[in-house]
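Read through the structure below, which is laid out as structure tokens, and then see the notes.
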Amino acid sequence: MSISKTYQPKEAEDKWYSYWLQHKFFRSVPDEREPYTIVMPPPNVTGVLHMGHMLNNTIQDVLIRRARMQGKNACWVPGTDHASIATEAKVVAMLKERGIAKKDLSREAFLSYAWEWKEKYGGIILDQLKKLGASCDWDRTRFTMDEELSDAVIETFIHLYKKGSIYRGVRMVNWDPQGKTAVSDEEVIRKEVNQKLYYIKYQISGEDSYLTIATTRPETIMADAAICINPNDERYLHLHGKNAIIPLINREIPIILDEYVTMDFGTGCLKVTPAHDLNDYELGIKHNLPVIDILNDDGTLNEKAQILVGVDRFVARKKIAPLLEEAGSLEKVEDYKSQIGFSERTDAVIEPKLSMQWFCKMDQLAKPALDYVLDGEIKLIPEKFTNTYRHWMENVKDWCISRQLWWGQQIPAWYLPNGQYVIAKTNAEALEEAKKISPDNTNLTDADLLQDEDVLDTWFSSWLWPISVFDGFKDPDNADINYYYPTNDLVTAPEILFFWVARMIMAGHEFRGKLPFENVYLTGIVRDKQGRKMSKSLGNSPDPIELIEKFGADGVRVGMLLCSPAGNDLMFDESYCEQGRNFANKIWNAFKLIKGWDIDENLSNPNKIAIEWFDSRFNQALTEIEDNFKQYRLSEALMATYKLVWDDYCAWYLEMIKPVYQQPIDKETYTATVSFFENILKILHPFMPFITEELWHDELFGERSERDCCIVAQLLKNGEINTQLLTATESVKQVVTQIRNVRNSKQISPKETLQLTVKSSGNINYDTYGSIISKLGNVTELTSVDDKISGAVSFMVGTDEFFIPMEETIDPAIECERLKKEKEYLDGFLQSVNAKLSNERFMNNAKPDIIDNELKKKADAEAKLKIIEENLTALAC
RNA sequence: GGGAGUUUAGCUCAGCUGGUUCAGAGCAUCUGCCUUACAAGCAGAGGGUCACUGGUUCGAACCCAGUAACUCCCA
């Protein structure tokens, strides 16, 4: 049988993923084992897999697979999010292509199109995740608009309303004129934009003088309600108590005084437009100013503007400048940079707009949610996010939860003909409630009640996710929720710490009295090499599926993890995936080597030390890896594994025990080596599930039953670590390296054998390790002497001296130079050590073990110096 | 404008409670190798004023203050 020269991922991936599915290895049902649970941050139904998902889900899969192999009942719940605004926008666009306008459709008709769209595209990401190897319990896949989850949303709304936490009110909201809906503060992205600052002259009423205001939004002057100046501004004392006249429309407005105005910004005169600016709105309330809203929902000007009616706000801005110019009211225009809010979903410029919305009070919900984190019951990883979290939670504003959309859970508010409203789940219940609050209205029928048109913010469903996926609302005491909740780890992006994580903690506390998860692992943002965020519009993001095809899923997983320290952004580059692919190949080739050996039962085992050494080294690495996992340092856990496999196992161990070409190996070594390899497959599995499963089933490891799979193999407990053996072997490795170095510098082929002589100081028993040195250094004869050998290349390892006789003569001058350099170094070293030891304050203040260490350093250095000095004398230099 | 964070090798990052002359890893680079597991590889090697300036200390990449640059969050 011939084994391919390199690892071919494609076939193994398809084969084993379906094998796992078929044998239900991802399936989790409550049992007596300890649960380990992750709920997947549900991706949007509108999305396609991007690098952020790849990173996020690789991490979750590593955690879940490891837990599974630790004997825990691992449950990873997948699902998707309905993403009201984004999805509705997609559906509207799709309908437009088919020549259908949303406004011509009934709500029901529109929703059926939306569902059709969701069925068609909504599962794409989840399918793509399978290619990555995600071991989710797919039977538990949920969608935020599933019936049970929607019910939970409605009931939650009713509960919070009854508690007084939800109210309806007119507020300045972030209006998305393209999505025609309000969005929350968190959904507004601020960007610095080049704008113009228009200086506009307003005539003072009854006078022939003017004042000048500076604004970036000249199209809103028609909505002005006042001009505000700082009462301390001496330039404008003459304006106190007067009125100004808005140009073009000639409406008279008062000049008011408020210290809010910054005197040195613009002209020091501020136009106050309560309907179209948040700060102006507050100023308006304070000064009892009228609110004049001149914009329609789609961002065009309405008849209140009197001019430019029906024109879009940005077109109006362009058109009004010449009008003002003509009227002699435009003083000048300057370039100006400022922050502008954009809708996260549609990228439209956000319009501050007054409207009637539903709000959820945050103060009471925020307090306990903050405490969980401050008390350390919930850990944010890395810790630095705790500060950000606290800052946000302490300054949290009420949450605008209504959206002027159809796709989502419709708000369970029902309006009576008289304008009163009741909150109820169904029309029938609403009718009952309505009769209660409106006793005069006994002949109300359900047809008289109109349900609120709006739907709830998507986050108002996803904040319930860790509870609702286990039906914790429908059936609060069911076996699943009792077993899986609180979940263990949440892996998500820091961008949605407030949107989502904070609110889940609130919901967890409010509805279950318990935190929803114990650890929040915040991943970085995937950026390209130049540090730009990867995005579709920039076109700088590789297609994850193509990456998988190119490097294999294991390779890509390794690549993602190699460059992803927790919480730090990662500068992604394909070369990391290449490194991952190469690693898979290395493992493949180690397998090929072992696979090719024949066993001779009659041979005795010459490799006892090597085996013992690797056993210790393996256990040492296990400890490191475990420690890294405990601290969620996944990239370091992977690196520790990588080095164990590549360096220790392949480069050292296999070379130590490898039989001469086409010679058989002894049984004992073979068994140990195969067993090591199997253990290595286990620790590799969470990172590289496919290649490990593929190799696991090779006959090299004997017969396997159908369910004996790497994915469910149990990780080993840490065994003993023989530190003495480990340090001795380190020295032995150094000897080998030195020999190779000599070969390199003298251009001696590895094939040419050498003689090696050691003058040992007795720290290492070369009878024991000699065979390893001989084999790896290609040394025929290793002899021990008590005296130096002349005419040989020499080197030192620790305080042992080694000699390799050379036919060509050694240049004493070069040798002298080398020795002198080393002596210089050691002298300096010794001096610094002695300086410490003779320093009274050091001796008084330093801990005893540190002093001991210094003494040991001194002794070592002195011993080495002695040898070097002897050598120098011998060479007479 | 307010708050947080970052700055260590060409790149990406470790460096826990100051204590080896402490400066480390992977990748990249350079040199030599087609040595029958692996050129997607093997064997070696060279890379750094730990952003800057002061301070504390017997001792500072690490603690403190200030400066600079960058990033993020909030307004």
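It should be emphasised that the depicted structure is a prediction, and the values quoted were computed from it without experimental measurement. The basis for the numbers below is simple: all heavy atoms, side chains too, and nothing from hydrogens, waters or symmetry mates.
Note on A/R743: nothing from the nucleic acid sits closer than 4.0 angstrom, heavy atoms only. At a threshold of 4.0 angstrom between heavy atoms, the contacts of A/R740 are confined to the sugar-phosphate backbone, with no base atom among them. Contact annotation for A/Q631: no contact, since no heavy-atom pair falls under 4.0 Å across all strands. Looking at heavy-atom distances under 4.0 Å, A/K586 makes contact with a base. At the heavy-atom level, A/K858 lies nowhere under 4.0 Å from the strands shown. Across all strands, A/S749 comes closer than 4.0 Å to no nucleic acid atom at all (heavy-atom distances).
Between the CZ atom of A/R390 and the C1' atom of B/G3 there is a distance of 11 Å, rounded to whole Å. Atom CG in A/N628 sits about 12 Å away from atom C1' in B/C16, given to the nearest Å. For A/I525 and B/G5, the CD1 to P distance is 18 Å, given to the nearest whole Å. Remark: C1' of B/U20 and CG of A/L837 are 12 Å apart, rounded to the nearest angstrom. As rounded to whole Å, 10 Å separates atom P of B/C74 from atom NE2 of A/H391. Rounded to whole Å, atom P of B/U7 lies 12 Å from atom CE of A/M571. The distance between atom CD of A/E655 and atom C1' of B/U36, rounded to the nearest whole Å, is 12 Å. Note: CG (A/L638) to P (B/U12) measures 19 Å, nearest angstrom.
A salt bridge is defined here as a Lys NZ or Arg NE, NH1 or NH2 lying under 4.0 Å from an Asp or Glu carboxylate O, and A/R617 with A/E624 meets this definition. We find that A/K10 and A/E549 are not joined by a salt bridge, their nearest charged nitrogen and carboxylate oxygen being 4.0 Å or further apart. Remark: A/K550 does not engage A/E578 in a salt bridge, criterion side-chain N to carboxylate O under 4.0 Å. One finds a salt bridge joining A/K858 and A/E862 here, because a Lys/Arg side-chain nitrogen approaches an Asp/Glu carboxylate oxygen to under 4.0 Å. Using a 4.0 Å cut-off between a side-chain N of Lys or Arg and a carboxylate O of Asp or Glu, A/D827 and A/K820 do not qualify as a salt bridge.
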Pairing pattern in dot-bracket form [Watson-Crick, G-U; both distances under 3.5 Å; | = partner strand] for RNA chain B: (((((((..((((.....[....)))).(((((.......))))).....(((((..]....)))))))))))).
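Between A/V396 and A/F498 the shortest side-chain heavy-atom distance does not fall below 4.5 Å. Using a 4.5 Å cut-off on side-chain heavy atoms (C-beta onward), A/I772 and A/K733 make no contact.
Nucleotides B/U8 and B/A61, compared at atom C1', are 7 Å apart to the nearest Å. Of the C1' atoms belonging to B/A51 and B/C73, the separation is 24 Å, rounded to the nearest Å. For the P atoms, the distance from B/A23 to B/C50 is 10 Å, rounded to whole Å. Here, B/C62 and B/A9 have their P atoms 15 Å apart, quoted to the whole Å. When the P atom is used for both B/U6 and B/G15, the distance is 11 Å, rounded to whole Å. Remark: the separation of the P atoms in B/C58 and B/G18 is 16 Å, to the nearest Å. On the C1' atoms, B/A69 is 24 Å away from B/A75, given to the nearest whole Å. Between B/C70 and B/G59, the two P atoms lie 36 Å apart (nearest whole Å).
The ring pair (Phe, Tyr, Trp, His ring centres under 6.0 Å) check on A/F795 picks up A/F802, with sequence neighbours excluded.
Under the 6.0 Å distance and 45° angle rule, A/R740 counts as a cation-pi partner of A/W652.
Listed nucleotides: B/C58, B/U35, B/A43. Nearest to the side chain of A/P750: B/U35. Among the nucleotides B/A75, B/A14, B/A4, the one closest to the side chain of A/N387 is B/A4. Considering only side-chain atoms of A/R581, the nucleotide from B/A43, B/A40, B/A4 that sits closest is B/A40.
Contact annotation: A/T388 does not reach the phosphate of B/C72 (side-chain N/O to OP1 or OP2, under 4.0 Å). Taking only side-chain nitrogens and oxygens, A/K751 never comes nearer than 4.0 Å to OP1 or OP2 of B/C42. Put simply, A/K658 has a side-chain N or O that comes within less than 4.0 Å of OP1 or OP2 on B/A37. At the phosphate of B/C74, neither OP1 nor OP2 sits under 4.0 Å from any side-chain N or O atom of A/N395.
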Heavy-atom protein contacts under 4.0 Å, nucleotides 21-32 of chain B, coded B base, S sugar-phosphate only, - none: BS--SSS-----
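Scanning all heavy atoms of the two residues, the minimum distance from A/F690 to A/A12 falls at CD2-O, 4.2 Å. Here the shortest heavy-atom pairing between A/L681 and A/F701 reads CD1-CZ, 3.8 Å.
Its glycosidic angle being within 90° of 0, B/G47 falls on the syn side.
The aromatic rings of A/F618 and A/F614 sit tilted relative to each other, their planes meeting at an angle between 30° and 60°.
Nearer to the 5' terminus of RNA chain B, by closest-nucleotide assignment, is the contact made by A/K592 (compared with the other of A/K592 and A/W652). Each of A/K733 and A/L593 lies near RNA chain B, and the nucleotide nearest A/L593 is the one positioned closer to the 5' end.
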